[in-house]
Chemist: 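A single structure is presented below for examination.
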Amino acid sequence: LGTVPQVLGVPELLGVVAEVLQKVVAGAHGDHGHSRVVIADDAVGHLVHRAVAAAGVEPQLLAAFTQLLCQLCGVPLLLCQDALHIQPVLLPQRIRHVVDLLPAVGLPRRGVDNKNMLHRGSPPHVHISVCRFCLFYQHFFRESEWFIYFELMNLYTPVEVVSSMPLLSQENNLLLMGSCFASEMGQRLADAKFRCDVNPYGVLYNPFSISAALREIIAGRCYNENDIFLFHELWHSAMHHGSFSSVSAEETLAGINGRLKSAHERLDRLDCLLLTFGSAWVYENEKTGTVVANCHKQPESCFTRRMLSVSEIVSDYTSLLSGLLARIPRLKVLFTVSPIRHVRDGMHANQLSKATLLLAVNQLQATFPEHVFYFPAYELLLDELRDYRFYAEDMVHPSETAIRYVWERFTRSCISADALRIMEESENIRKMLSHKPFYPASEEYKRFLGQIVLKIDQLNGKYPYLDFQKEREICRIRLKA
């Protein structure tokens, strides 16, 4: 194999690799009876564990080889003028797959034409799950040029997010409405210092209730006592989540109208509308025939249950979005379909419901190609994270790990580079504030709080639209303590 190059200051480990290579290749060439071993001068060799055993490689050498792979995983390897960049694997992917280390094989570069091979001048952008590592120890045309390449085997169905997604920043005004998945994403956006209004009506599941709520926001509606009802000692609104309900009609109306007024006032400054559909099944009031957003645990006999059609949803939202875009021409609308399955509808009925929502969104994209986009949260959970370990105990809602994964994919696709840097700085400030000192009254801790205030001032100086009022107030209270 020639002289082992000095790479990354680990010549002794590379020496071990060279020895493994020599024994594996020699052993495989020595016995052509192994059907799973293919060795050719100008092709990629595929080796499996049985071939390694047949080659007579000592266990300690493979252990050292494993150690090398663990040390080099995810590190850019600079070898002469060539570099290999491996993107770090996301946490759920590391959890999901067992790393199975295969032995290495030395291959001549001349004549090799394989889509998995690293060609000079075009380092790969790796983002699939790591399941097996093959170390290719390759000799170029000159003996002084070497590189190391990790081959990644894809054992799941990747979901592609289109590159034309709108890029959001903390300077944008966002409105998020829809299912509890919208609430989860909205809270994370708010924590990342995005200016967003999240579910001013509370959680809404069906497309008709979401569109009705949007029309009321546009009109600036004001609710009165005729719009609410008393049931089980609480005042409710059929258009709102139970979090608005109260024992007092005045309190219920104050909460409803306060959120409505705030959303209406922000409307003309809106840059992006993020809507999450949960279900195509709706409940219509038997007396009025109107679709309700929440039944508030009233008897089923009060409602008629049916599933919306694709044409109904498309017609409703074509009218709604046409009016919104005429008022706010710059507006971008980002749809998602909630990955949470509505098992009470039945598994087959749930699939029909989700399919209806997906078809409707697809038609809206075709109608408004410059303004309507789709983020595949539903597909990410059901395809890339197709395992019950990514669900909560009820086996329906996504686990915290799954939510973080979808959030990471969302930030990579829909958040600008500058906004990501702000998110990182904001997270550092949040972590500093969450620090619990042994002696809160000490001068050292007060100096620490002063450093936090200084970081906030520096970030606000560069990005004056960021809201750090809450963090400043926390520092002020702790400094006075």
Side-chain angles (χ1 to χ4, degrees), residues 74 87-88 90-92 94-95 167-176 180-200 202 243 254-255 258-259 261-263 265-266 269-272 274 392 398-481:
Q87 179 177 332
L90 295 171
L91 177 62
R94 289 198 294 266
I95 295 174
L167 294 179
L168 308 177
S169 73
Q170 286 85 351
E171 202 169 4
N172 298 137
N173 284 282
L174 315 177
L175 174 60
L176 293 93
C180 48
F181 186 78
S183 295
E184 184 68 45
M185 293 293 107
Q187 184 58 54
R188 290 175 183 268
L189 283 167
D191 291 343
K193 298 303 174 187
F194 282 81
R195 295 188 288 188
C196 52
D197 190 1
V198 183
N199 273 338
S243 57
R259 291 299 302 274
K261 181 181 178 182
S262 175
E265 290 174 349
R266 295 166 57 109
R269 302 193 301 272
L270 194 62
D271 296 297
C272 187
L274 296 93
S399 67
E400 178 61 27
T401 300
I403 293 172
R404 286 204 309 271
Y405 179 79
V406 175
W407 169 250
E408 286 183 20
R409 292 294 300 272
F410 178 80
T411 56
R412 282 195 296 169
S413 305
C414 303
I415 305 298
S416 68
D418 205 29
L420 290 173
R421 286 190 290 270
I422 296 174
M423 287 171 58
E424 184 178 358
E425 291 291 335
S426 301
E427 180 64 14
N428 290 337
I429 292 172
R430 187 196 66 79
K431 288 180 179 178
M432 292 175 73
L433 280 173
S434 65
H435 172 69
K436 295 182 179 180
F438 287 110
Y439 305 104
S442 66
E443 291 297 321
E444 182 181 359
Y445 183 61
K446 290 183 178 180
R447 286 193 297 270
F448 178 74
L449 291 173
Q451 292 175 357
I452 296 177
V453 174
L454 181 61
K455 281 181 175 289
I456 293 174
D457 289 340
Q458 291 173 344
L459 202 55
N460 255 155
K462 191 174 182 181
Y463 307 102
Y465 48 83
L466 297 179
D467 182 12
F468 281 102
Q469 183 178 352
K470 177 182 176 182
E471 289 81 0
R472 290 181 185 277
E473 183 65 17
I474 292 174
C475 289
R476 186 187 66 80
I477 293 172
R478 291 181 183 179
L479 282 168
K480 284 187 176 182

Chemist: Report the C-alpha separation of F194 and L176 in whole Å, then their side-chain angles, then the decisive distance to 0.1 Å, and conclude whether the side chain to side chain contact (heavy atoms under 4.5 Å, CB included) test is met.
Modeler: CA-CA 12 Å; F194 282 81; L176 293 93; over 6 Å; no

Chemist: For E424, give me all partners under side-chain contact (heavy atoms from CB on, under 4.5 Å), at least two apart in sequence or on another chain.
Modeler: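 For E424, the residues satisfying side-chain contact (heavy atoms from CB on, under 4.5 Å) (neighbours in sequence not counted) are N428.
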
Chemist: Using a strict cut-off of less than 4.0 Å between a Lys/Arg side-chain nitrogen and an Asp/Glu carboxylate oxygen, indicate whether E408 and R412 qualify as a salt bridge.
Modeler: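 Salt bridge flag = no for R412 with E408.
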
Chemist: For residues A419 and L168, report the shortest heavy-atom separation together with the two atoms involved.
Modeler: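 Here A419 and L168 meet closest at CB-O, 3.7 Å.
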
Chemist: Assess the residue pair R478 and K446 against the criterion (side chain to side chain contact (heavy atoms under 4.5 Å, CB included)); give the C-alpha distance rounded to whole Å, side-chain angles, the decisive distance to 0.1 Å, and a yes or no.
Modeler: CA-CA 8 Å; R478 291 181 183 179; K446 290 183 178 180; over 6 Å; no

Chemist: State, to 0.1 Å, how close P440 and Y445 come at their nearest heavy-atom pair, and which atoms those are.
Modeler: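 Looks like O-CD2, 3.2 Å.
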
Chemist: How long is the span from the CZ atom in F448 to the OG atom in S442, to the nearest 0.5 Å?
Modeler: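 Between F448 CZ and S442 OG, I get 11.0 Å after rounding to 0.5 Å.
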
Chemist: Output the distance between atom CD1 (I415) and atom CG (N172), rounded to the nearest 0.5 Å.
Modeler: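 So the CD1 of I415 and the CG of N172 are separated by 9.0 Å.
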
Chemist: Nearest 0.5 Å please: distance from the CD atom of Q469 over to the CD1 atom of I474.
Modeler: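 So the gap between those two atoms works out to 11.0 Å.
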
Chemist: Using atom types as modelled, flag every donor-acceptor pair under 3.5 Å from a side chain in residues 451-464 to any protein atom, sequence neighbours excluded.
Modeler:
| unit_1 | atom_1 | unit_2 | atom_2 | d |
| --- | --- | --- | --- | --- |
| D457 | OD1 | R472 | NH1 | 2.7 |
| D457 | OD1 | R472 | NH2 | 2.9 |
| N460 | OD1 | R472 | NH2 | 3.2 |
| N460 | ND2 | Y463 | O | 3.4 |
| N460 | ND2 | L466 | O | 2.9 |
| Y463 | OH | D418 | OD1 | 3.0 |

Chemist: Determine the sole option in K261, R269, R259 for which the salt bridge (Lys or Arg N to Asp or Glu O under 4.0 Å) test with D197 is passed.
Modeler: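 Of all the options given, the one that passes is R259.
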
Chemist: Which distance, rounded to the nearest 0.5 Å, do you find between the SG of C414 and the CG of L274?
Modeler: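 Separation between the atoms: 8.0 Å.
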
Chemist: Is there a side-chain contact between P398 and V406, using heavy atoms and a 4.5 Å cut-off?
Modeler: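 In short, these two side chains do not touch, never coming nearer than 4.5 Å.
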
Chemist: Under the 3.5 angstrom rule, does the side chain of E471 hit a backbone N or O of R430 as a donor-acceptor pair?
Modeler: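 Between the backbone of R430 and the side chain of E471 there is no qualifying donor-acceptor contact (under 3.5 Å).
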
Chemist: Is a donor on one side and an acceptor on the other found under 3.5 Å between the side chain of T411 and the backbone of W407?
Modeler: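 Yes; judged by distance alone, with no hydrogens or angles, the pair exists.
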
Chemist: Can you name the nearest heavy-atom pair linking A182 to N199, along with the distance?
Modeler: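 Closest approach of A182 to N199: CB-ND2, 4.5 Å.
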
Chemist: Is there a donor-acceptor pair under 3.5 Å between the side chain of K193 and the backbone N or O of M423?
Modeler: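 A pair under 3.5 Å: no.
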
Chemist: Does M432 reach the side chain of L449, with side-chain heavy atoms less than 4.5 Å apart?
Modeler: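 The answer is no; the side chains never approach within 4.5 Å.
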
Chemist: Measuring only between side-chain heavy atoms, which start at C-beta, is S426 closer than 4.5 Å to D191?
Modeler: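 Result no, sub-4.5 Å side-chain heavy-atom pair not found.
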
Chemist: Is it true that E400 and R188 make a salt bridge, defined as a side-chain N closer than 4.0 Å to a carboxylate O?
Modeler: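 Judged by the 4.0 Å cut-off on N to carboxylate O distance, E400 and R188 do form a salt bridge.
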
Chemist: Main chain of A192, side chain of E427: is a donor-acceptor contact present, judged purely on distance under 3.5 Å?
Modeler: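 Looks like no, no N/O pair under 3.5 Å.
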
Chemist: List for me each residue that meets side chain to side chain donor-acceptor pair (under 3.5 Å) alongside E473, sequence neighbours excluded, and say none if there are none.
Modeler: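 Only R476 meet the side chain to side chain donor-acceptor pair (under 3.5 Å) criterion with E473.
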
Chemist: Within the distance-only criterion (no hydrogens, no angle test), does the side chain of N173 pair as donor or acceptor with the backbone N or O of D271 below 3.5 angstrom?
Modeler: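 Side chain of N173 to backbone of D271: no pair is present.
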
Chemist: Rounded at 0.5 Å granularity, tell me how far CG in L175 sits from SG in C196.
Modeler: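 Nearest 0.5 Å value for the CG-SG distance: 9.5 Å.
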
